[in-house]
Novice: 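Before we start, here is the structure in question, set down as structure tokens.
Basis for what follows: all heavy atoms, side chains included, without hydrogens, waters or symmetry-related copies. If you're wondering where the values come from, they're calculated on a predicted model, not measured in any experiment.
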Amino acid sequence: MYTREQASQIKKEFWTAFGNYMAPIQSAEGVRVNWLNYKTGLKNVYFRLDADKPYASVGIEISHPDEGIQELFFEQFQELKSILKSYLNEEWEWLLHTTDENGKTICRIYTQLNNVNVFNKNDWPALISFFKPRILALDEFWSDARYSFDSLK
């Protein structure tokens, strides 16, 4: 069992390693990107990477405080569902209203990898192999799809 400080340090080491691994990779538009803190350009719309135990997840999170506006964003993503799937090459889970770890209502579109543990360094290659193609696919999708959200800004 790890102390809170040790757990925090191990997670920091993983995210630093992943960030360094991804740093040379440019976005679909040919610019440098902070892959760990991807900027969608839309307030309250995030691409989230999460690793813990016993799973890792990649997803789109809509966290607008107004649930009606959350729903509008979610519906716009649903309109683009087939395009998103064409970039991802897999089905993701779609949750209209769920709660995050802080009890806040959000919408999530995500996938997860089970039976991995960020605290086990032997799992890091699997985590990186899970995250990399999905965040790159989200970036490619977003370079085409973000204009569909202009009316919701």
Novice: Kindly state whether the ring of Phe77 and the ring of Trp94 have centres lying under 6.0 angstrom apart.
Specialist: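 They do not qualify: ring centres at least 6.0 Å apart.
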Novice: Which pair of heavy atoms, one from Leu127 and one from Ala56, lies closest together, and at what distance?
Specialist: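 What the structure gives for the nearest pair is CD2-CB, 3.4 Å.
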Novice: When rounded to the nearest 0.5 angstrom, what distance separates OH in Tyr2 from CD in Gln9?
Specialist: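 Tyr2 atom OH to Gln9 atom CD measures 12.0 Å (nearest 0.5 Å).
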Novice: Given 3.5 Å as the limit, does a donor-acceptor pair link the side chain of Asn20 with the main chain of Thr16, or not?
Specialist: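 Between the backbone of Thr16 and the side chain of Asn20 there is a qualifying donor-acceptor contact (under 3.5 Å).
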Novice: I would like to know whether Leu138 and Arg134 meet side-chain contact (heavy atoms from CB on, under 4.5 Å); could you show each step before the answer?
Specialist: CA-CA 6 Å; Leu138 281 174; Arg134 288 164 181 85; 5.7 Å; no
Novice: Roughly how far apart are Lys81 NZ and Glu91 CD, rounded to 0.5 Å?
Specialist: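 With rounding to 0.5 Å, NZ (Lys81) is 6.0 Å from CD (Glu91).
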Novice: Out of curiosity, Ile106 CD1 to Arg48 CZ, how far, rounded to the nearest 0.5 Å?
Specialist: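 The distance works out to 8.0 Å.
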Novice: Students often mix this up, so state it plainly: with edges at 30° and 60°, are the rings of Phe18 and Phe14 parallel, tilted or perpendicular?
Specialist: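 Ring orientation, 0 to 90° scale: parallel.
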Novice: What's the separation between atom CG in Leu49 and atom CE in Met22, rounded to the nearest 0.5 Å?
Specialist: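 The CE atom of Met22 is 8.5 Å from CG of Leu49, to the nearest 0.5 Å.
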Novice: Where the side chain of Ser143 meets the backbone of Ala28, is there a donor-acceptor pair that is under 3.5 Å apart?
Specialist: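 Not a single qualifying donor-acceptor pair exists.
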Novice: Inspect the contact between Lys11 and Asp52 and indicate whether a charged nitrogen and a carboxylate oxygen are less than 4.0 angstrom apart.
Specialist: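 Yes, this pair counts.
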Novice: More than 12 heavy atoms of other residues, nucleotides or ligands under 6.0 Å from CD of Glu79: is that the case?
Specialist: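 Counting neighbours around CD of Glu79, 12 or fewer heavy atoms of other residues, nucleotides or ligands fall under 6.0 Å, so no.
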Novice: Can you check side-chain contact (heavy atoms from CB on, under 4.5 Å) on Phe141 and Leu88, steps first, answer last?
Specialist: CA-CA 8 Å; Phe141 162 77; Leu88 298 170; over 6 Å; no
Novice: If you take all heavy atoms of Gly19 and Leu36, which pair is closest and at what distance?
Specialist: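 Closest pair (atom of Gly19, atom of Leu36, distance): CA-CD1, 4.0 Å.
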Novice: Could you tell me whether Arg146 and Glu29 make a salt bridge, using a distance below 4.0 angstrom between a side-chain N and a carboxylate O?
Specialist: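 Yes.
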Novice: Are the side chain of Trp35 and the backbone N or O of Ile25 linked by a donor-acceptor pair below 3.5 Å?
Specialist: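 It does hold such a pair.
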Novice: Quick check: do Ile62 and Glu71 have side-chain heavy atoms less than 4.5 Å from each other?
Specialist: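 The answer is no; the side chains never approach within 4.5 Å.
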Novice: Under 3.5 Å, side chain of Ser8 to main-chain N/O of Arg4, donor-acceptor pair present?
Specialist: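 Not at all, since once roles are kept as given, no pair shorter than 3.5 Å links the two residues.
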Novice: Taking Ser86 for the side chain and Ile83 for the main chain, is one N or O donor matched with an acceptor at less than 3.5 Å?
Specialist: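 Here the side-chain-to-backbone pair exists.
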Novice: Got a sec: does the NZ of Lys104 have more than 12 other heavy atoms crowding it under 6.0 Å?
Specialist: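 Correct, the count exceeds 12.
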Novice: Does any non-hydrogen side-chain atom of Cys107 lie less than 4.5 Å from one of Glu61?
Specialist: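 Side-chain contact under 4.5 Å: no.
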Novice: How far does NZ of Lys121 sit from CG of Asp123, to the nearest 0.5 angstrom?
Specialist: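 Nearest 0.5 Å value for the NZ-CG distance: 12.5 Å.
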Novice: Angle between ring planes, Phe149 versus Phe73, binned at 30° and 60°: parallel, tilted or perpendicular?
Specialist: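 Ring orientation of Phe149 relative to Phe73: parallel.
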Novice: Anything under 3.5 Å between a donor and an acceptor, one on a side chain of residues 109-117, the other on a protein residue two or more places apart or in another chain? List them.
Specialist:
| from | atom 1 | to | atom 2 | distance (Å) |
| --- | --- | --- | --- | --- |
| Gln112 | NE2 | Asn114 | OD1 | 2.9 |
| Asn117 | OD1 | Phe119 | N | 2.8 |

Novice: Write out all pairs satisfying ring pair (Phe, Tyr, Trp, His ring centres under 6.0 Å) with one or both partners inside residues 47-67, taking only residues at least two apart or from two chains.
Specialist: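 Non-adjacent pairs meeting ring pair (Phe, Tyr, Trp, His ring centres under 6.0 Å): Tyr38-Phe47, Phe47-Trp142.
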Novice: When rounded to the nearest 0.5 angstrom, what distance separates CZ in Phe131 from OG in Ser57?
Specialist: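 The distance works out to 6.5 Å.
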Novice: Tell me, do Asp100 and Ser63 make a side-chain contact under 4.5 Å, heavy atoms counted?
Specialist: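 Not in contact.
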Novice: Just so I know, are the side chains of Ile60 and Leu84 near enough to count as touching, which here means a heavy-atom distance under 4.5 Å?
Specialist: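 The answer is yes, as the side chains (C-beta and beyond) meet within the 4.5 Å cut-off.
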Novice: Tell me whether Leu72 is reachable from Tyr46 by hopping between hydrophobic residues (I, L, V, M, F, W, Y) whose side-chain heavy atoms are closer than 4.5 Å.
Specialist: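 Per the 4.5 Å side-chain linkage, Tyr46 and Leu72 are not co-clustered.
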Novice: Can you name the closest pair of heavy atoms from Gln70 and Leu96 and give their distance?
Specialist: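 Heavy atoms of Gln70 and Leu96 come nearest at OE1-O, 4.4 Å.
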Novice: Closest heavy-atom contact between Val33 and Ser27?
Specialist: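 For Val33 and Ser27, the tightest heavy-atom pair comes out as CG2-CB, 3.2 Å.
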Novice: Tell me, do Asn34 and Lys39 make a side-chain contact under 4.5 Å, heavy atoms counted?
Specialist: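 They are not in side-chain contact.
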